[in-house]
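In this chain, residues are counted from 1 in sequence order.
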Amino acid sequence: MGQIVSSMQGKVAEMFGNRLKRQREDEELDTKDGQPRNKMKRLTTAQYVYQTLFLEQKGSDVAIMALERVWHLHKIYLSQSPYFKAMFNGPWVEAHQDLIKIGIPDERVTVECLDAVLGSLYCHEIEIVPDDVISYLATGTLLHLDDIIDKCAALMVENLSVTTVVEYYEAASQYGLMPVKMSTIQWLEINLLITYTVLTSSQAVSDFLKPIPIELMCELTASPDLYVIQAEFTLYRLLRDWMFLRLRPDDDADHQLPQAREGLHMASSAYFKGRDEECSFLATPMGQPYVGVFQKLRTQYLTNSYRNLMAIYDDNIIPREWVDRHISSHWHSLLRFDEGSSEDRAQHLDEEQFLDNCMRYGLILRELCGQRWRWVDFNYGMDLVMAIDSRVLKVRRQHWPDYKHMLNLRKTNQFMIRATVTSLNAQGKVVFTQSSQICSLSCDENAEVPLMELDPKLVYPLIISVNMLTAVPPDYSFKDVVPLNEEDETTSLYSRSPSIESKGGDNERPLTPSTCSAEESGVFVGDLEPDPSPPSYDRETDDNDA
């Protein structure tokens, strides 16, 4: 018996050995006489199923008609889709039909994408390119295929950019992809004003701004996390340009846009200044859809610069009642603040109050070096200077003895501040971001306070966003009302714009009497050591620098 078993083991070993030998010879001899060998290769099971059952449509037990095309397919494979599974197994007439006609009202579903998605039910593989991702998302949503939807969502988040963000936002809203929708909003919170200030062509600005829907712009304008490059007036001007582009009567009028971005600014301002109505634009039927956006704009900070205030009156977009109430509120706060009244101290506000009412400032730092700068809208007489030195972000309350008549005389002043520093890649996606806590500071004259030490993962250029609050905000509920007839108002400081030659607003208040251009927004003070004399302009910046 032992000899028989041993003989059988030997034959089995010889059989497998010969098979392995032939396999090695086949792998080594890929050619014969320089010509490819005529080798037969069998398809894998998945390839065979896809080729035979889907492409050649053999053995079909149901036909699907959609978008003027017919597919001869198989219920057992189609039932992987909850859409078809419910159709074949429910009390529907289609469950007993050999030809099923599917109506597809969604124009984003194309024949090519539907064919690819149906084919994926046979081979479990599908290639989705960014250009067609929304069509695939629409098709996957139609057939209730979660794996297709998830793959589209990941691809959309990965490919967010200036050219795709609004389209992806609208698609995510339509198809209920909340993570994608939030990603688009977060991308715009960081890049909306960066892109607006960097683009040099008015056509590029139009292509970027015009498609943004009102409800999205309203949400962005209200966000405390919006990176406002320069100051609130820059956001106002963006809204003015955006509204002007959306109001242009002709769809083919884009070729009439000025070539340069500054030309677009002037064209939008001239459009609103040139209206015949005396009332604000928001009080007109054309302006009513945009009221919600400007209610979210922090209009109280548009009155902190004389030139900006004159531009606001000239444009006559915002109701004069809003502006005048802000001026009155600022004056009362200034008096209380200067006398040290605790009524207007901001350091005791909670986080929600701070974020809803803080000033929003921003800057782009393009190179690594010790730098100081200020946003010089009037700030209740406090000259607050920001600085970066040895990767530490600081704030300093600058005090110049020769200019006490321009500054707050309180030895110690309180304010609240939060700083966020971000590095972006070429597509505007966050590489790394770092935020300080919301700090309540009491700064003596010339006192310097570190806000945070920058993480080494932050690389230049740096996007710096600062939220700051120096006084308790008053109740702004009056913004809930837009007067429909403002001609008879007597509370306004001006019936129309003051009779001055206005060149538009800016975000500057120089420390010495001088003339600021409409584009200056931040003043770099230079090296970090305090100067015994008041600073002059070491560098003037425009939208592209800041």
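For the residue pair Y301 / N357, no side-chain donor-acceptor distance below 3.5 Å is found, with atom types taken as modelled. Checked by atom type, the side-chain pair Y227/N191 shows no donor-acceptor distance below 3.5 Å. Side-chain contact check for R418 and N467: at least one donor-acceptor pair (N or O, by modelled atom type) lies under 3.5 Å. A donor-acceptor contact closer than 3.5 angstrom is absent between the side chains of E277 and T284. A side-chain donor-acceptor contact under 3.5 Å links T433 and T422.
Of all the heavy atoms in A66 and L114, the pair that sits closest is CB-CD2, 3.8 Å. Across every non-hydrogen atom of Q288 and V482, the tightest pair is NE2-CG1, 4.5 Å. The two atoms that bring A387 and R372 nearest to each other are CB-CG, 3.7 Å, heavy atoms only. Between I212 and R246, the closest heavy-atom pair is O-NH1, 3.0 Å. Looking at every heavy atom in both residues, F294 comes nearest to W322 through O-CZ3, 3.8 Å. Of all non-hydrogen atoms in D241 and L264, the two that sit nearest each other are OD1-O, 3.9 Å.
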Identify each donor-acceptor pair in which a side-chain atom of residues 131-150 lies under 3.5 Å from a protein atom, sequence neighbours left out, and give them as a table.
unit_1, atom_1, unit_2, atom_2, d
S135, OG, R108, O, 3.0
T139, OG1, S135, O, 2.8
T141, OG1, L137, O, 2.7

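The local environment of NZ in K429 is crowded, with over 12 non-hydrogen atoms from other residues, nucleotides or ligands closer than 6.0 Å.
Considering only heavy atoms from C-beta on, L238 comes within 4.5 Å of M217 through its side chain.
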**OP:** Test side-chain contact (heavy atoms from CB on, under 4.5 Å) on I464 and L365 and set out the steps.
**Re:** CA-CA 8 Å; I464 297 180; L365 293 183; 3.4 Å; yes
**OP:** Show the numbers, then the answer: is there a side chain to side chain donor-acceptor pair (under 3.5 Å) between S465 and T420?
**Re:** CA-CA 5 Å; S465 177; T420 303; 5.4 Å; no
**OP:** Please test W242 against Y290 for ring-ring contact (aromatic ring centres under 6.0 Å, His included), starting from the C-alpha separation and ending with a verdict.
**Re:** CA-CA 11 Å; W242 165 75; Y290 301 94; 5.4 Å; yes
Subject >> Audit row: T299, K479, side chain to side chain donor-acceptor pair (under 3.5 Å) steps and yes/no >> reply: CA-CA 9 Å; T299 50; K479 290 176 66 175; 3.0 Å; yes
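Applying the side chain to side chain donor-acceptor pair (under 3.5 Å) test between T303 and each of H326, E232, H330 identifies H330 as the sole match. When each of I463, V466, L462 is checked for a side-chain contact (heavy atoms from CB on, under 4.5 Å) with V421, only L462 meets the rule.
Applying the side-chain hydrogen bond (donor to acceptor under 3.5 Å, both in side chains) test to residues at least two apart or on different chains, the pairs with a partner in residues 154-173 are S161-T163, S161-T164.
Two rings, from F233 and H265, have their centers 6.0 Å or more apart.
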